[in-house]
2 protein chains.
Amino acid sequence: MTAPLHEAHPSGPGRVLPDTQQGMRRRNLARVMHAVNAEGQLSRAAVASRIGLTRAAVSTLVDELIRSGLLEELGPERPGRVGRPGSALAVSGHGPAGIGAEIGVDHLAVCAVDLRGQVRARAIRHGANRGRSPEPVIDELTELLRQVVAEAKGEGLWPAGLAVAVPGLVARDARTVVRAPNLDWHDTDLGALLPADFPLTVDNEANFGALAELWLGEGTGGDFLHVSAEIGIGAAVVVAGGLLRGTRGFAGELGHVPVRPEGPRCACGGRGCLEQYAGEEAVLRAAGLEPGEDRVGLLAGRAAEGDAAVRRALRDAGKALGIALTGAVNLLDPESVVLGGALAGLAPWLLPSLEAELDRRTAGPACPVSVSRLGPQGPLLGAAHSVVRAVLDDPAAVAERN
Amino acid sequence: MTAPLHEAHPSGPGRVLPDTQQGMRRRNLARVMHAVNAEGQLSRAAVASRIGLTRAAVSTLVDELIRSGLLEELGPERPGRVGRPGSALAVSGHGPAGIGAEIGVDHLAVCAVDLRGQVRARAIRHGANRGRSPEPVIDELTELLRQVVAEAKGEGLWPAGLAVAVPGLVARDARTVVRAPNLDWHDTDLGALLPADFPLTVDNEANFGALAELWLGEGTGGDFLHVSAEIGIGAAVVVAGGLLRGTRGFAGELGHVPVRPEGPRCACGGRGCLEQYAGEEAVLRAAGLEPGEDRVGLLAGRAAEGDAAVRRALRDAGKALGIALTGAVNLLDPESVVLGGALAGLAPWLLPSLEAELDRRTAGPACPVSVSRLGPQGPLLGAAHSVVRAVLDDPAAVAERN
DNA sequence: CTATTTCGTCATGGCCGTTTACAAATTAGT
DNA sequence: ACTAATTTGTAAACGGCCATGACGAAATAG
C-alpha cells in the first residue's frame, strides 16, 4: 500500500492504480522494469521467477516494453549453465531521460540521466544568486536546460520530466517555493516561470540529496537518517524506501531539536537548539571567522591547516550533533546515519566527537555513521533520478506519452 | 504499496499479494470489507462507487463474502432519495472474532472482538505477576482464554487469531519475549506455551496501545506520536497508518532521548535521558514517595489531594517530556501527540507544563497534544483489533480456513 | 398513473495470466 | 560424436475476472 513517498506530485503517476485488469497490467510492467533495473541485465525467465509470473506472461510484458523503447534486447547471454541461454534484457539507454536541475546559492546546474542511471549530459553555471530576483535566475536556468535537453536529444534521449532542487521550503503542490532564505525568495511559483514542455517537480535540495543516497548510495538499506546542512541543519528521514515528509511537510527539522534546554535563544522561539551549536553561523563565530563566500570551504581549509580554534569549533559542533542524533536514533532506530551536503566535507573533524557522543549515549551497539560519497552532487542527481524512478514506477504512463 | 506495518508476522497474510488475477480478487475482497467497515452500513452500489469497481463486480464479491460469513445482508435501506433503495450490507457480527490478550504486571486480561469492533466477551484476573515464572502465568492466561473463546462461540463467533500484549521487548518472530524487566522474563517463547489452535501474534503493549489509538481513537489521522509509560517511557511512531518499528524493532525509545546532556547518569550509558526526569522511579523520588504497588494510582491520588511535592514532581516531569517531545515533533512533524497508558491518568498535572514547553520551543503553531480516552484499555483492545484488521486486510485467507 | 432514477443481476465480451506443448540451444554423460 | 537432460522463449487453448449493456425491481416526482 502505499504510494511511493518519493513522489512529490500529490496526484502523480505513482498513486495507487485501480485494482482492475488494466491496473494489474501496469503494475506488472513496472515490476518487470524494476527487476531488470535492479540487476542491470536479466533474461525473461529470470525476470519471471523473480517477480513470480510465468515466462509466457513476462514475454508479452517485455514485448510491450521493448516496443515502447523502455527495454532493450542485448542478445544471448554467454552460456555458463545447462540449458538454452537466455536473451539478456536491459533498461534502455536511448529512451526517456530524467532531467534534474539545482538552484544553489552560488551556482545553477542541470543534468540528464538515462534510465540506466548514467549521466548523459550536464551544464553548470557558477555565480552568486543570493538576493537576485527569481526571473533572471530562472531565465539562466532555462538556458542551461535548453543546452542539456538538446545534448540529450542528440544522444537519442527524450526528456520524461524535470525535477528542480531548491535551497528552501517547497509547498505541497511541488511547484511553489514558499521561502528560500538564502536566495531571499518568497512564494515563487516555478511552474509559471519554467517551460512547461514536460512534468515538473520542485522539492527541497536536502530531500533530493537523501533520495540520491537511497537510490545511489552504498550500503544504505531502506531506513536511514540523512543529515545535511545548507539552510540550517536538516535531516531527511528515510523509512521503508521512502521519504518521511510529515503532516505539513516540515519533518526533519533536526536544527531545532533542543540540545541544551536552557541554552541560548533561537529564532524559532526555543532555547539551545542544535543550530545554536552546530549551525553555520554558530560554528563560524566559535571559530573566530567572518561570514563570507564559500564558508564551508574556508572552514575545511583552516581545519586542514591545523587551525586550533576552527578544529575546536568543529569538534564542539560534532558533539552537539551527536547529542541531537542520539535522540533521533533512539526514536527511529535507523539502519545508519549518513552525513551529506556540506557536512560531508567537514566530516573528518566532526565525526570523532559526533561518534563518541553517540556511542557513549547508546546502550547496545551504536548506530553506524557514514559520510555520503555523493557529497555536493547529491541533490542534482537525486532530482534527475526521481524522474527516472517515476518512469520505472509506471512505464505505461510514459509509453503512451511517446 | 506497502505492506501493512501493523502486521507483526514477518510473512503473515498482510504481505503484498502477487499481481495475478487471484491476487486482484483477494485485494478487491479486502477493499469491499474495508469500505463496508468504514461506513458501518453500505449498499452494493455505494461500495462500487467508493472503491471504483462496477456494481456487477461488487455484486459477485459481496456474494462471496456473504457465503464466507464475513458480510451480512441487513435488508433494504429506508428510502430517502429517488430510485430503488439499496440493500444494506454490514460486516458480520457472527463470523470470525479477534482474540486479544494482555499480560500486565498485576493483571491478566482476555477479550474477544467481532468484525464490527464490538467487544463480545471478556475476562480479567487481578494479581501480581512480577517475578512469577512464565509457565503458571501462561496457564492462568490459557484458562481465561478458554472462557472467552467458549463465551464467544456461544454467540456464534469463531476465533480467527490471538494477539498478546506484553510489557516488554518482543523478537521479530512475534512469538518470543526477549525481555520483560517488570516480569523478569527473558527469552520466553510464548508460542510454545500457548495453545496453537489459531495464529498467534505477540507484541509490545505500547505498540498495541498506539494501534488502538489509530484504529479506535478520535481525531487522529494516520500520523501521530503515541507516548506511554509502563516500562520506561515509550513512544510509538505512527506514520501513514502504520507503526514505525525501526531496523531492529527498537524505534520509539523516547525514554533515552537526551534532555540535559550533562544530567545524571542513566542505565543506558547516557546522561540526562528523559527517563531520569519523567521516569516512574524519578518522579516517585522527586515526589518523596516509596515505590510500591499501583504507583500511578498513588501519584494521581496525591496530586488530586493537592500534595505540593507530588504536583511539583509531575510538573517537572511534564516539562522534561515537553523538551523531549519538541525534538520528536521537529523531526517527525506529526499531526498530533497522544498521551496514553499510565500517562493518560496523570495528564491533568503533566499537560500544562508539557504544552507550555512545546509551545515555547515551536516556531509556528504547536503540535496539538491530546489524552487517549482509551486509557489503560488500549493495549488489550489494540491486540484484539489487530486480528480483526488482519481479517479485513485479507478476507479470502480466513474464508478458506472455515 | 406515468416518467424518472437508482439498485441489483444476468449475459456477453475483452483482457490477462496460466497451463500445456514444442522448438531451440546449451551441458552432461557415454 | 551422439543422445539425454535441462533451460529458454513462444504459441495456442483455457479460465478467471472485471467491464459493458440490458433488464426487472423499487422507490420518487409530477
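The sequence lines fix the lettering, A, B, ..., with proteins before strands; numbering per chain opens at 1.
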task = Mind calculating the distance between CZ (Arg44(B)) and C1' (dC18(D)) to the nearest angstrom?
result = 17 Å
query = About how many Å separate CE of Met24(B) and OG1 of Thr20(A), when rounded to the nearest 0.5 Å?
reply = 6.0 Å
query = Does the side-chain contact (heavy atoms from CB on, under 4.5 Å) test come out yes or no for Leu162(B) and Thr201(B), once each step is laid out?
reply = CA-CA 6 Å; Leu162(B) 169 64; Thr201(B) 304; over 6 Å; no
task = For each nucleotide in nucleotides 24-30 of chain D, reading 5' to 3', give B when a protein heavy atom comes within less than 4.0 Å of its base, S when such contact involves only the sugar-phosphate, and - otherwise.
result = BBBBS--
Separation of Ser59(A) OG from Arg44(A) CZ (nearest 0.5 Å) = 5.0 Å
request  = Report yes if some heavy atom in the side chain of Val387(A) is under 4.5 Å from a heavy atom in the side chain of Ile99(A); otherwise report no.
outcome  = no
query = Between atom CD in Glu73(B) and atom C1' in dC7(C), what is the gap in whole Å?
reply = 12 Å
inquiry  = Between C1' on dC18(D) and CG on Asp63(B), what's the gap in Å once rounded to a whole number?
reply    = 15 Å
query = Would one find more than 12 heavy atoms of other residues, nucleotides or ligands at under 6.0 Å from atom CD of Gln22(A)?
reply = no
Under 4.0 Å protein heavy-atom contact, by nucleotide of nucleotides 11-20 of chain C - B base, S sugar-phosphate only = ---BBBSBB-
inquiry  = Can you tell me how far apart CG (Asp393(B)) and CZ (Arg26(B)) are? Round to the nearest 0.5 Å.
reply    = 11.5 Å
task = State, with a plain yes or no, whether a side-chain heavy atom of Arg25(B) is found less than 4.5 Å away from one of Asp19(A).
result = no
message = Would the distance check show the side chain of Asp114(A) and the main-chain N or O of Ala97(A) forming a donor-acceptor pair, the cut-off being under 3.5 Å?
response = no
